[in-house]
Amino acid sequence: MPLQREFFLKSAEEVAKELLGKILSRRIGDVVLTAKIVETEAYYGEEDPASRACQNGDLKKTMEKEAGTILVYGVHNNWLINFVTGKEGKAEAVLLRALEPLNFSGNTKGPGLLTKVLRIDKSFHKKDICNCEELWLEDGKAIKEEEVVESYRIGVKKDLKKKLRFYIKNSEWVSKK
DNA sequence: CATATGATGGACT
DNA sequence: GTCCATCATATGG
């Protein structure tokens, strides 16, 4: 049972936290890859100095779209995948930073790496995660509250004072520096 | 078309 | 921790 749109209809912060432990599935031809989400970050487009969305028109517009919209952001030679959250017009999104492979092997310890392994690129931009044949989310085993760690975001020039990075404690797959 | 930019990753100290 | 290769975008002429 894929996650419903209501799941994304909360604040980016909340969705980021609840996304931990959920299952991401990617269909490539006849093969379905599944992975557990172990690290996320919340982004706010309007007053978030870390996000390019505060200056970039198209990205900001996408973040303001309906909850559940997939947002793919290209930087350096990588693709970063986000899910739009909150109400339409709100400019919020959650970035996937790391996954734990379940039925395959690969290095998914990082936002640019996981998209490479799952072969996610700009063709997913603006698609609907709740209604996509090739990429979707499913509920996973619930994780305990004490396993969720809050932290400041990584690789961001100017960050907000809030802790917007969430990851699963003791996971081998969390990216770190 | 030219150029500036960066939500990275990997190599190195 | 620091340095930097590298390239898809955004933006301006």
Side-chain angles (χ1 to χ4, degrees), chain A residues 8 10-22 24 26 33 35-86 89-101 104-129 132 134-135 137 148-168 171-177:
Chain A
F8 299 96
K10 292 162 267 188
S11 73
E13 211 174 324
E14 226 171 325
V15 175
K17 197 186 283 189
E18 290 184 26
L19 226 32
L20 295 176
K22 294 286 187 287
L24 181 74
R26 165 76 166 108
L33 269 36
K36 187 168 74 175
I37 297 172
V38 297
E39 186 180 359
T40 61
E41 278 180 10
Y43 276 85
Y44 296 90
E46 287 175 358
E47 16 67 64
D48 193 340
S51 173
R52 240 205 227 171
C54 53
Q55 359 167 341
N56 173 334
D58 179 62
L59 190 53
K60 189 181 174 207
K61 255 183 245 167
T62 309
M63 285 179 93
E64 288 172 350
K65 282 176 88 70
E66 190 178 21
T69 303
I70 300 170
L71 187 157
V72 180
Y73 173 58
V75 67
H76 297 88
N77 46 336
N78 294 290
W79 297 109
L80 314 181
I81 185 168
N82 301 248
F83 302 124
V84 176
T85 69
K90 257 294 222 166
E92 295 183 7
V94 174
L95 165 72
L96 249 51
R97 285 198 60 89
L99 304 174
E100 177 185 335
F104 64 100
S105 63
N107 184 4
T108 50
K109 262 190 227 188
L113 295 174
L114 70 92
T115 53
K116 204 172 281 182
V117 172
L118 295 184
R119 307 211 203 143
I120 290 165
D121 57 26
K122 197 71 192 288
S123 64
F124 284 96
H125 193 47
K126 293 182 184 176
K127 282 201 172 186
D128 185 358
I129 191 65
C132 184
E134 309 200 307
L135 189 72
L137 287 163
V148 177
V149 184
E150 299 183 13
S151 151
Y152 293 105
R153 293 181 295 192
I154 290 180
V156 167
K157 264 192 171 178
K158 297 178 184 173
D159 204 351
L160 296 172
K161 289 168 189 163
K162 298 179 73 172
K163 292 184 178 181
L164 294 173
R165 175 180 178 233
F166 305 95
Y167 61 94
I168 297 180
S171 173
E172 291 296 311
W173 292 95
V174 172
S175 64
K176 62 169 184 183
K177 287 231 169 183

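Proteins get letters first, then strands, A, B, ... in listed order; numbering begins at 1 in each. Both backbone and side-chain heavy atoms feed into the values below; hydrogens, waters and symmetry mates do not.
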Look for any protein N or O under 3.5 Å of an N or O in nucleotides 11-13 of chain C and output each such pair with its distance, or none.
residue: C/dT11; atom: OP1; partner: A/Q55; partner atom: O; Å: 3.2

Should we count NZ of A/K65 as having more than 12 external heavy atoms under 6.0 Å? no
Candidates B/dA7, B/dG9, C/dC7 - which lies nearest the side chain of A/L80: B/dA7
Are any of the side-chain heavy atoms of A/P101 and A/W173 separated by less than 4.5 Å? yes
Among B/dA7, C/dT9, B/dG9, which is the nearest nucleotide to the side chain of A/W79? C/dT9
When you check the phosphate oxygens OP1 and OP2 of B/dG9, does a side-chain N or O of A/K116 lie under 4.0 Å from one of them? no
Is atom NZ of A/K22 surrounded by more than 12 heavy atoms (other residues, nucleotides or ligands) closer than 6.0 Å? yes
Collect all protein-nucleotide pairs involving nucleotides 1-5 of chain B in which both atoms are nitrogen or oxygen and the distance is under 3.5 Å.
residue: B/dT5; atom: O2; partner: A/R52; partner atom: NH2; Å: 3.3

Checking B/dT8, B/dA7, C/dA8 against the side chain of A/H76 (C-beta onward), the nearest is B/dT8
Let me see the working for A/K126 and A/D58 under salt bridge (charged side-chain N to carboxylate O under 4.0 Å, His left out), right down to the final yes or no. CA-CA 11 Å; A/K126 293 182 184 176; A/D58 179 62; 3.1 Å; yes
Has A/T108 got a side-chain atom pairing as donor or acceptor with A/L99's backbone, closer than 3.5 angstrom? yes
For residues A/P111 and A/L95, report the shortest heavy-atom separation together with the two atoms involved. CB-CD1, 4.5 Å
Watson-Crick or G-U pairs under 3.5 Å in DNA chain B, rendered as dot-bracket with [ ] for crossing pairs and | for another strand: ||||||.|||||.
